[in-house]
Amino acid sequence: MAAETIVAIATAPGRGGIGIVRASGPAVADLTQRLIGRVPSARHATLATVHDGAGQPIDQGIVVYFAKPDSFTGEDVLELQVHGSPVVLDLILARCLELGARLARPGEFSERAFLNGKLDLVQAEAIADLIESSTALAARLAGRSLQGVFSRLIDDLVERLIRMRMGLEATLDFPDEELDLPNDLGIGADLTAIIADTSDVIASAHQGQVVRDGLAVVIAGPPNAGKSSLLNALSGQESAIVTPVAGTTRDTLALDIQIDGLPIRIIDTAGLRHSDDIVEREGIRRARAQAEQADLILWVYDATTGPDPLTRAHLPTGIAVTRVRNKIDLLGLQPNIMDVDTGPEIAISATNGAGLDLLRAHLKERAGLGGTTEGAFVARRRHLDALRRGLDHLESARYALTNALGAELIAEDLQQAQHAFGEITGRVTSDDLLGRIFSSFCIGK
């Protein structure tokens with residue numbers, strides 16, 4: 001069945017100087033003819049008047065017609081750039097629907113571009129990531145993914161796997177040749193190289209995923225340690241109430257901040273201690289729940305009293321913890337960072353700002369952004385999952401090779417690694433995956 005012609009308003013809701021209505025599909029030429037009375041030359045901006053069903057003008061604006069396959073979707077595409085009045089845009093949209101187009105689903109234009117080979121899945125996702133970028137760094141990395149930086153790395157890994165599989169499967173088809181795999185095919189060296197390169201791609205993808213999704217940081221510790229003061233100092237605003245009364249913070253308070261382009265959701269929590277107060281106990285329960293979802297816990301304690309080991313029992317296991325030794329100004333100490341038995345510890349003063357630069361640098365380092373982001377790209381959790389599954393299969397293949405477990409097992413692991421990498425760019429996909437990805441896009445994209 002032929003594809004339907006779809007239409008949507010492509011600009012954000014609200015009023016503006018310009019609004020765009022976009023249509024794509026086989027009936028676009030006829031739609032254009034009936035809207036403005038002619039089909040303009042492809043890829044030329046044309047001043048025209050858009051008419052309703054009675055021939056009355058709706059608005060005058062710029063019309064751009066893109067003939068397939070030289071368009072974003074690979075189909076005939078029409079873009080009407082008119083005045084950004086919601087009423088005008090709705091009238092034009094209604095007229096297009098009268099002429100047989102249907103309203104596009106969220107992300108359907110990008111989905112058609114993917115299905116028609118104009119973009120791979122990583123590039124299509126990068127469009128949504130670019131639109132949703134909350135920092136300049138996130139926008140820059142999304143732009144690299146859109147330009148194909150990430151895709152080319154994946155395509156290279158897949159191509160190398162294909163070449164390795166070709167040699168292996170030839171030995172399975174012609175077993176009488178009795179080839180010695182490591183020596184005759186160079187599988188060992190190839191596996192070592194591709195494992196190293198996959199690890200490098202994972203490191204870059206992790207950077208991109210953190211820049212896209214941000215870092216969840218929970219401030220925890222005993223009462224009166226200065227947790228709320230630290231939240232205020234990092235955010236640059238007096239968001240949390242600070243008093244000398246223990247147990248002032250009863251609920252969680254979350255703020256979104258940026259450190260050199262790294263988005264961070266920082267969450268202040270109630271002081272962790274044993275309490276008979278029902279309200280404070282609920283605050284402590286919520287603090288523990290937030291800590292279980294964190295990427296990093298900043299465990300703050302008062303330098304004048306020392307750490308309270310009892311509160312550490314409230315912290316979840318498996319979450320990275322950085323100790324923050326606060327209030328060093330009261331002891332006349334200098335800020336520093338050191339490694340202790342439990343991990344890194346940073347000495348600061350939240351009240352006068354001493355050591356906050358060390359803490360900010362530490363947060364960037366924990367996010368994998370301590371060095372350069374040159375060559376990095378935006379990535380999603382599904383990309384990292386696929387890369388790690390692929391790496392696991394490559395490691396399994398190397399184990400099978402080292403222990404002479406047979407070419408069949410090596411070939412199977414290489415095939416599974418190729419399948420995992422193919423999921424990233426869409427070479428291997430499913431309707432369910434596509435539905436989940438494109439449904440998160442804006443309507444009109």
Side-chain angles (χ1 to χ4, degrees), residues 1-11 20-36 38-46 48 62-81 92-93 96-97 99-132 142-152 154-155 158-159 377-378 380 383 421-445:
M1 182 173 116
E4 299 172 290
T5 295
I6 57 174
V7 65
I9 298 172
T11 41
I20 298 175
V21 177
R22 172 184 287 168
S24 177
V28 160
D30 179 65
L31 184 72
T32 306
Q33 177 70 41
R34 299 173 71 179
L35 282 172
I36 68 171
R38 65 188 188 280
V39 178
S41 301
R43 306 177 73 82
H44 283 75
T46 303
I62 300 298
V63 177
V64 185
Y65 172 74
F66 300 89
K68 67 176 183 181
D70 299 321
S71 71
F72 173 70
T73 63
E75 304 172 330
D76 289 342
V77 170
L78 171 67
E79 287 195 0
L80 300 168
Q81 303 174 15
I92 294 175
L93 181 64
C96 291
L97 296 176
L99 295 174
R102 70 160 172 83
L103 192 63
R105 301 188 307 272
E108 192 168 3
F109 289 91
S110 297
E111 182 179 15
R112 291 191 176 196
F114 166 71
L115 294 174
N116 291 326
K118 306 298 289 187
L119 300 169
D120 63 33
L121 201 51
V122 167
Q123 291 173 305
E125 290 171 306
I127 294 173
D129 294 335
L130 186 58
I131 293 171
E132 296 172 2
R144 289 177 184 164
S145 284
L146 183 56
Q147 293 164 11
V149 171
F150 189 12
S151 301
R152 285 191 290 273
I154 298 301
D155 288 343
V158 169
E159 182 60 33
F377 42 80
V378 77
R380 298 186 173 200
H383 302 151
F421 295 155
E423 291 178 11
I424 296 172
T425 55
R427 289 193 180 190
V428 178
T429 189
S430 66
D431 292 339
D432 176 63
L433 176 63
L434 294 183
R436 284 187 284 116
I437 288 174
F438 289 108
S439 65
S440 66
F441 282 39
C442 303
I443 293 177
K445 284 306 295 178

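Atom set for the values below is all heavy atoms of this structure, side chains included, hydrogens, waters and symmetry mates excluded. None of the values given here were measured: they were computed from a predicted structure.
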Is there a donor-acceptor pair closer than 3.5 Å between any side-chain N or O of [X] and the backbone N or O of [Y]?
X	Y	value
Thr32	Val28	yes
Arg152	Gln147	yes
Thr5	Ala27	yes

[X] versus [Y], closest heavy-atom pair with distance:
X	Y	result
Thr73	Ser24	OG1-OG, 2.8 Å
Ala101	Val7	CB-CG1, 3.9 Å
Ala8	Ala104	CB-CB, 4.0 Å
Ala3	Pro26	O-CG, 3.0 Å
Arg38	Ala48	NH2-CB, 4.1 Å
Ala10	Arg22	CB-CB, 4.4 Å

Measuring from [X]:[atom1] to [Y]:[atom2], what's the distance to the nearest 0.5 Å?
X	Y	atom1	atom2	result
Glu125	Leu130	CD	CG	13.5 Å
Leu78	Ile20	CG	CD1	11.0 Å
Phe421	Glu159	CZ	CD	14.0 Å
Leu146	Leu119	CG	CG	7.0 Å
Leu121	Leu115	CG	CG	9.5 Å
Asn116	Glu111	CG	CD	10.0 Å

| field | Full working for side chain to side chain contact (heavy atoms under 4.5 Å, CB included) between Phe72 and Phe109 | value | CA-CA 8 Å; Phe72 173 70; Phe109 289 91; 4.2 Å; yes
Could you label the plane-to-plane angle of the Phe150 and Phe377 rings as parallel, tilted or perpendicular, counting under 30° as parallel and over 60° as perpendicular?
-> parallel
Quiz prompt | Arg102, Arg112, Arg105 screened by salt bridge (charged side-chain N to carboxylate O under 4.0 Å, His left out) with Glu4, the one that passes | solution =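 Option passing the salt bridge (charged side-chain N to carboxylate O under 4.0 Å, His left out) with Glu4: Arg102.
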Is there a side-chain contact between [X] and [Y] (heavy atoms, below 4.5 Å)?
X	Y	result
Asp129	Arg380	yes
Leu31	Cys96	yes
Tyr65	Ser41	no
Leu35	Leu80	yes

Exercise. Can you list the steps and then say if Ser71 with Asp76 is a side chain to side chain contact (heavy atoms under 4.5 Å, CB included)?
Worked result: CA-CA 7 Å; Ser71 71; Asp76 289 342; over 6 Å; no
_Determine whether Val122 and Ile154 satisfy the following criterion, side chain to side chain contact (heavy atoms under 4.5 Å, CB included), listing intermediate values before the conclusion._
CA-CA 10 Å; Val122 167; Ile154 298 301; 5.7 Å; no
| Lys/Arg-Asp/Glu bridge criterion (N-O < 4.0 Å) met for Glu75, Lys68 | no
For Asp120, the salt bridge (Lys or Arg N to Asp or Glu O under 4.0 Å) test, sequence neighbours excluded, returns none
